[in-house]
Amino acid sequence: MFKKILIANRGEIACRVAATARRLGLKTVAVYSEADARAKHVQACDEAVLIGGPAPRDSYLQWQRILDAAKATGAEAVHPGYGFLSENEEFATACKNSGLVFIGPPASAIQAMGLKAESKRLMEAAGVPLVPGYHGADQDPALLKREAERIGFPVLIKASAGGGGKGMRAVLKAEEFDAALASCKREAINSFGDDAVLIERYVQKPRHIEIQVFGDTQGDCVYLFERDCSVQRRHQKVLEEAPAPGMTAERRAEMGHAAVAAAKAVGYVGAGTVEFICEQDGRFYFMEMNTRLQVEHPVTEAITGQDLVEWQLRVASGEPLPLKQDQLRMHGHAIEARICAENPEAGFLPATGSLSVARWPAHVSFQRGDVRIDSGVGEGDAISPFYDSMVAKLIVWGEDRAQALARLDAALRDTHIVGLQTNVAFLRRCASTDSFTQADLDTGLIERERAALFEQAGLPLTIAAAAVVAHTLAHEASLQTSDPWSRRDGWRMYGASARRFDLETGGTHHEVLLSRHHHGGMQLTVEGQAHAFAVNSASLESHELLLGEGLDQQRVMVKTYALGEQVAVFAPQGSALLTEIDPIAHAGEGAAEAGRLTAPMPGKMVSFLAQPGDTVTKGQALAVMEAMKMEHTINAPRDGVVAELLFAVGDQVGDGAELLRLE
């Protein structure tokens with residue numbers, strides 16, 4: 001086996017590869033952009049080389065710089081991770097021509113499977129079932145629309161060179177086709193440099209099931225069972241699990257053999273994933289093959305007990321597959337939740353900021369265990385607009401699905417991230433929906449369960465307010481001196497004292513009163529309702545609250561984290577972010593200026609859909625921005641007339657920047 005490898009990627013996959021390589025006694029080289037100088041993957045490797053600016057096109061996509069770094073450091077092989085150059089046949093060829101081992105499939109396999117239309121033709125020849133559709137080279141928009149009408153709406157437009165949900169749109173009726181096609185092509189050319197698309201019948205209530213395959217240089221190929229990746233938003237995966245609920249042994253073998261046939265049709269070597277779209281009755285159709293390791297590979301590792309990165313390294317060095325098909329076994333059930341910096345309530349808009357607090361449940365890393373965390377960032381790190389919004393992958397394992405679900409809920413409950421918006425609370429709600437717990441799975445699950453997933457109250461205000469008050473009292477107690485005149489706890493020799501707390505959450509102001517009695521008892525009044533209140537503070541962060549009246553008292557364990565005026569509260573019932581307002585400090589502040597439309601996240605202006613002088617209505621699409629490799633449409637907050645555009649197409653804009661003015 002080679003002695004030193006260069007990891008041509010960043011984030012948790014780079015950290016994962018470095019850990020496995022270290023366990024095998026291999027040296028590693030990291031490459032990094034100017035935005036990643038202090039990144040976790042840089043620290044995880046033995047050497048590191050700067051390859052360019054923050055944007056991927058200036059660094060991680062500059063494959064000649066990566067090859068130069070490999071040559072300069074004496075690396076013998078390159079691991080591409082996933083994303084960036086992992087499915088770039090030019091890069092794979094360049095590695096080979098430079099005398100480097102590309103830890104992945106041959107360039108011919110990447111090329112064959114990289115273009116979806118070509119891969120469909122290959123799969124048809126190999127006897128793999130296909131969804132009815134158009135996979136031709138003629139990209140005339142009029143022809144594409146005619147083909148869509150021939151297939152019958154609804155149809156799915158997909159970037160031929162794409163993946164990860166980029167350049168993909170579901171079109172329900174003919175009059176929506178032209179706009180959806182234009183958007184797909186824009187997103188495809190920006191993400192993949194190729195705007196070719198294919199069109200397929202949009203399967204109703206489909207499941208997304210993929211098969212992990214592995215081939216070696218001796219011509220052997222196996223499948224390591226399946227993963228169900230049906231729970232998706234914006235065509236990107238949210239929860240993944242293995243094995244797929246309801247999968248029979250017969251159907252598993254049928255899909256596995258089809259996946260192996262697909263891999264052998266292109267002479268596949270290394271780790272790959274054959275993705276199928278499945279009807280509820282079990283019929284399945286080839287969708288695409290990802291010629292790399294997948295983000296969700298840990299659930300396969302959890303149920304098989306195998307290290308797939310180690311398999312990659314061994315196969316790339318010329319060794320045969322570690323196990324034959326009849327030696328592979330499954331045990332238990334695993335679920336992965338993708339923790340992302342995003343706002344689910346705002347259409348999953350990506351978020352940026354610093355991880356002021358990043359506390360994880362007790363876990364193992366890169367090994368089989370009940371709870372595993374894969375992450376390329378840690379507390380204090382920043383999530384920038386340049387890369388994917390994923391913060392971490394949380395993987396749980398159980399003897400069965402019920403145990404895995406229980407462990408997932410507990411692990412998400414104990415995941416505390418403060419400083420930027422994340423989808424942790426959303427993931428917890430999603431995993432507890434009736435559809436997911438009962439394994440009623442399809443790619444429309446999130447939309448079907450909207451009532452349970454969005455605009456939920458979250459942590460009850462009484463508990464959240466009590467936690468903020470407890471945090472404030474603990475902070476003040478930590479500042480106390482022995483001087484009785486310096487005490488700030490409201491003590492009175494006789495009678496009671498009252499103190500007001502002004503709290504704000506979700507844009508709503510709440511007045512909370514804390515009353516102290518001379519005998520030491522406390523009472524908290526929230527929204528006019530009085531509650532007995534007692535605190536057993538173990539620290540500024542951990543509090544045991546006793547709330548209620550009489551026999552209705554409840555004990556609640558909470559954790560609080562303060563960032564300036566904001567206090568984040570985490571409890572078994574959920575979480576909340578409150579602002580403790582100092583009325584004097586905010587005296588004279590008015591409402592936000594009317595008539596402004598601001599960017600909901602940092603990104604690049606793709607287009608304006610209205611011009612100065614245009615009359616617009618509330619909800620009308622006004623602008624399109626690109627952030628974290630996805631397009632986002634920004635709608636008018638109210639009726640009005642466009643007075644001025646403040647940026648040009650192609651400009652980079654910051655979070656909260658004013659884009660245009662409405663009169």
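Values below: all heavy atoms of this structure, side chains included; hydrogens, waters and symmetry mates excluded. This one's a predicted model, so the numbers in the text were calculated from it and none came from an experiment.
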- prompt: What pairs of residues pass the salt bridge (Lys or Arg N to Asp or Glu O under 4.0 Å) test when at least one of them lies in residues 313-322, not counting sequence neighbours?
  reply: Glu310-Arg314, Arg314-Glu319
message: Ignoring hydrogens, what is the shortest heavy-atom contact between Thr28 and Ala44? Give both atom names and the distance.
response: OG1-O, 4.3 Å
query: Considering all heavy atoms of both residues, which atom of Ile110 and which atom of Ala92 are nearest to each other, and what is their separation?
result: CD1-CB, 4.0 Å
- request: Apply salt bridge (charged side-chain N to carboxylate O under 4.0 Å, His left out) to the pair Arg372 and Glu336, showing each step before the final yes or no.
  value: CA-CA 9 Å; Arg372 165 177 160 181; Glu336 175 179 296; over 6 Å; no
- request: Verify the ring-centre separation between His297 and Trp311: is it less than 6.0 angstrom?
  value: no
- prompt: Should Met113 and Glu288 count as side-chain neighbours, where that means a heavy-atom distance under 4.5 Å?
  reply: no
message: Quick check against the 3.5 Å criterion: does Asn88 have a side-chain atom that pairs as donor or acceptor with the backbone of Phe91?
response: yes
Residues Cys95, Leu67; criterion side-chain contact (heavy atoms from CB on, under 4.5 Å); working and verdict: CA-CA 7 Å; Cys95 286; Leu67 297 182; 3.8 Å; yes
message: Is it true that Asp307 and Thr20 share a donor-acceptor pair across their side chains at a distance under 3.5 Å?
response: yes
message: Restricting to salt bridge (charged side-chain N to carboxylate O under 4.0 Å, His left out), what partner residues turn up for Arg448, sequence neighbours left out?
response: Asp440, Asp442
- request: Apply side-chain contact (heavy atoms from CB on, under 4.5 Å) to the pair Lys120 and Phe286, showing each step before the final yes or no.
  value: CA-CA 8 Å; Lys120 301 281 185 182; Phe286 174 84; 4.3 Å; yes
- prompt: Do Ile5 and Val17 have side-chain heavy atoms sitting under 4.5 Å apart?
  reply: yes
query: Are Lys158 and Glu200 within salt-bridge range, i.e. N to O under 4.0 Å?
result: yes
message: If you define the side chain from C-beta out and look only at heavy atoms, does anything of Val155 sit under 4.5 Å from Arg201?
response: no
query: Does Tyr268 have Arg292 sitting over its ring (NZ/CZ under 6.0 Å from centre, angle to axis within 45°)?
result: no
task: In sequence, state the C-alpha distance, the side-chain angles, and the governing distance for Asp326 and Lys324, and then conclude on salt bridge (charged side-chain N to carboxylate O under 4.0 Å, His left out).
output: CA-CA 6 Å; Asp326 60 3; Lys324 299 291 186 180; over 6 Å; no
- prompt: Which residues satisfy the salt bridge (charged side-chain N to carboxylate O under 4.0 Å, His left out) test with Arg65, sequence neighbours excluded?
  reply: none
message: Could you check whether Thr443 and Arg207, counting side-chain N and O atoms only, form a donor-acceptor pair closer than 3.5 Å?
response: no
- request: Report the C-alpha separation of Leu100 and Glu76 in whole Å, then their side-chain angles, then the decisive distance to 0.1 Å, and conclude whether the side-chain contact (heavy atoms from CB on, under 4.5 Å) test is met.
  value: CA-CA 5 Å; Leu100 295 165; Glu76 304 157 82; 5.6 Å; no
message: Measuring from atom CD of Gln280 to atom NZ of Lys205, what distance do you get when rounded to the nearest 0.5 angstrom?
response: 5.0 Å
query: Rounded to the nearest 0.5 Å, how far apart are CD1 of Ile373 and NZ of Lys393?
result: 11.0 Å
- prompt: Nearest 0.5 Å, what's the OG-CD1 distance between Ser86 and Ile103?
  reply: 13.0 Å
query: Any side-chain donor-acceptor pair under 3.5 Å between Glu241 and His333?
result: yes
query: Is there a salt bridge (charged side-chain N to carboxylate O under 4.0 Å, His left out) between Arg428 and Asp409 once you walk through the steps?
result: CA-CA 6 Å; Arg428 194 177 177 199; Asp409 183 72; 2.9 Å; yes
task: Report the C-alpha separation of Arg429 and Glu449 in whole Å, then their side-chain angles, then the decisive distance to 0.1 Å, and conclude whether the salt bridge (charged side-chain N to carboxylate O under 4.0 Å, His left out) test is met.
output: CA-CA 10 Å; Arg429 292 195 298 270; Glu449 292 278 8; over 6 Å; no
- line: The reported gap from SG in Cys229 to CD in Glu240 (rounded to nearest 0.5 angstrom) is 5.0 Å
query: With distance as the sole test, does His41 use its side chain to make a donor-acceptor pair with the main-chain N or O of Val31 at under 3.5 Å?
result: yes
- request: Can you sort out the partners of Lys237 under salt bridge (charged side-chain N to carboxylate O under 4.0 Å, His left out), two or more places apart, ordered by chain and number?
  value: Glu210, Glu275, Glu296
statement: From the list Leu6, Val29, Ile7, side-chain contact (heavy atoms from CB on, under 4.5 Å) partner of Cys45 resolves to Ile7
- prompt: What distance do Asp195 atom CG and Ser160 atom OG have between them, rounded to the nearest 0.5 Å?
  reply: 10.5 Å
message: Is there a side-chain contact between Ile211 and Phe225 in this structure, where contact means two heavy atoms from C-beta onward sitting under 4.5 Å apart?
response: no
message: Taking the side chain as everything from C-beta on, heavy atoms only, tell me whether Trp397 gets closer than 4.5 Å to His331.
response: yes
Minimal non-hydrogen separation, Cys430 against Leu445, with atom names: SG-CD2, 4.2 Å
task: Starting from the C-alpha separation in whole Å, work towards a yes-or-no answer on side-chain contact (heavy atoms from CB on, under 4.5 Å) for Glu626 and Asn190.
output: CA-CA 9 Å; Glu626 178 189 316; Asn190 288 334; 3.1 Å; yes
message: If I take atom CD1 from residue Ile339 and atom OG1 from residue Thr422, how far apart are they, to the nearest 0.5 angstrom?
response: 7.0 Å
- prompt: Of all residues at least two apart in sequence or in a different chain, which pass the salt bridge (charged side-chain N to carboxylate O under 4.0 Å, His left out) check with Arg22?
  reply: none
- line: For Pro132 and Ile151 the tightest heavy-atom approach is O-CG2, 4.3 Å
message: Whether Glu301 and Arg16 form a salt bridge (side-chain N of Lys/Arg under 4.0 Å from carboxylate O of Asp/Glu) is what I want to check.
response: yes
query: Heavy-atom distance under 4.5 Å between the side chains of Lys4 and Glu47, does that happen here?
result: yes
task: Can you label the angle between the Phe84 ring and the Tyr60 ring as parallel, tilted or perpendicular, going by 30° and 60°?
output: parallel
query: Any chance the side chains of Glu87 and Tyr82 put a donor and an acceptor closer than 3.5 Å?
result: no
- prompt: What closest approach, in Å, do Met123 and Ala265 show between heavy atoms, and which atom pair accounts for it?
  reply: CE-CB, 4.2 Å
task: Looking only at non-hydrogen atoms, find the nearest pair between Val213 and Val260 and report the distance.
output: CG1-N, 4.3 Å
statement: Contacts satisfying side chain to side chain donor-acceptor pair (under 3.5 Å) that involve residues 92-106 (not counting sequence neighbours) are none
Heavy-atom check, side chain of Trp360 versus side chain of Leu394, under 4.5 Å: no
message: Strictly distance-based, threshold 3.5 Å: is any side-chain N or O of Asn423 a donor or acceptor partner for the main-chain N or O of Leu427?
response: no
field: Pairwise side-chain contact, Arg450 with Ile446, heavy-atom cut-off 4.5 Å (strictly under)
entry: no
- prompt: Is it the case that more than 12 heavy atoms not belonging to Lys27 sit under 6.0 Å from its NZ atom?
  reply: no
Tyr387 six-ring centre to Arg10 NZ/CZ under 6.0 Å and within 45° of normal: yes
